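Reading through the structure tokens given below for one structure.
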Amino acid sequence: MVAEPKRWLADDESKPAPGRLLRVQALVNTVELPTGPDRLADPEDARPWLIANELLASDAALDGTDLQLLSGVREALRTLLSHNSGGPAPVEADLVPLRAVADRGAARAELDTDGVVRLAAAGDSVAERLVELLLITRDAQRDGSWARLKVCANDECRWAFYDRSRNHGGTWCEMSACGNKLKNREFRARRKARA
């Protein structure tokens, strides 16, 4: 029997990505930056969440190496989302964890009951199942939804959010928290500079 995952801030996402893209967002939001709790820090805490998010089979092993890989993939994805937010393009070193998943991963074709063909990760381990997130990313890049998955512009936050604004100009995970905080900081800096 698999334990239920503990409740987590990202479990009640205020700006959730649509469909399967929510799985990418959920992985990125498994840590509260800069020094908050990390859902992937301990195998026993991570296991129920990974199973619930189809990143680990219920009978598959999980160890520290898997959690290191997950953390690397999480931060590589955060870098890609930062680029979606207007940040710099990722450099080769940023992509190393994703390349490792792509190089080792395998996918299989599945046929849904309604005749829709989709690709899914082949395997039960974390390393094998992470290729599913690359497939989701590829699909989102093709349908245009990828560009709307961003990270908060607050460097002390970096929370992934889905930008549903008409002009695709969303900047903050929550205007009431991060947006106001940074706008007030900038206002005080401008006033100090004038004085």
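Residue numbers count from 1 along this sequence. Just so it is clear, the structure is predicted and the values come from calculations on it, not from any experiment.
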#### Entry: Cationic N near anionic O, under 4.0 Å, R78 to D94
no

## Note on the structure
Taking every heavy atom of D66 against every heavy atom of L62, the minimum-distance pair comes out as OD2-CA, 3.4 Å

### Query
If you measure only the distance, is there a donor-acceptor pair under 3.5 Å linking the side chains of Q25 and W159?
no

### Task
Flag the pair C157 / L33 as yes when at least one side-chain heavy-atom distance between them is below 4.5 Å, and no otherwise.
no

### Message
Assess whether a salt bridge exists between K15 and E13, defined as any Lys/Arg side-chain N lying under 4.0 Å from an Asp/Glu carboxylate O.
### Response
no

### Task
Give me the one residue out of K150, R148, H168 that meets side chain to side chain donor-acceptor pair (under 3.5 Å) with D163.
K150

#### Entry: side-chain hydrogen bond (donor to acceptor under 3.5 Å, both in side chains) involving E92 - partner list, sequence neighbours excluded
R99

### Message
Using the rule given for side chain to side chain contact (heavy atoms under 4.5 Å, CB included), can you reason through D139 versus R20, listing the C-alpha separation, both sets of side-chain angles and the distance that settles it, and then say yes or no?
### Response
CA-CA 9 Å; D139 291 346; R20 295 170 7 120; 3.8 Å; yes

### Query
Between L98 and V101, is any pair of side-chain heavy atoms under 4.5 Å apart?
no

### Query
Looking only at side chains, do E128 and S125 share a donor and an acceptor under 3.5 Å apart?
yes

### Message
My understanding is that a hydrophobic cluster links ILVMFWY residues whose side chain heavy atoms are under 4.5 Å apart, including indirect links. Using that, what else belongs to the cluster containing L22?
### Response
none

#### Entry: Hydrophobic cluster partners of L111 (side-chain heavy atoms under 4.5 Å)
V117

### Task
Test side chain to side chain contact (heavy atoms under 4.5 Å, CB included) on L27 and N53 and set out the steps.
CA-CA 9 Å; L27 177 62; N53 284 276; over 6 Å; no

### Query
Can we say D124 and R129 salt-bridge, meaning some charged N sits less than 4.0 Å from an Asp/Glu carboxylate O?
yes

#### Entry: Identified side chain to side chain contact (heavy atoms under 4.5 Å, CB included) partner of L70 from the options T65, T30, L50
L50

### Task
Evaluate side chain to side chain contact (heavy atoms under 4.5 Å, CB included) for V28 paired with R158, printing each intermediate quantity in order.
CA-CA 9 Å; V28 173; R158 311 302 284 161; over 6 Å; no

### Query
R118 and E132: salt bridge (charged side-chain N to carboxylate O under 4.0 Å, His left out), yes or no, with the steps?
CA-CA 11 Å; R118 73 177 197 93; E132 182 84 17; 3.1 Å; yes

### Atom pair CG/CG of L119 and L135 - distance to nearest 0.5 Å
5.5 Å

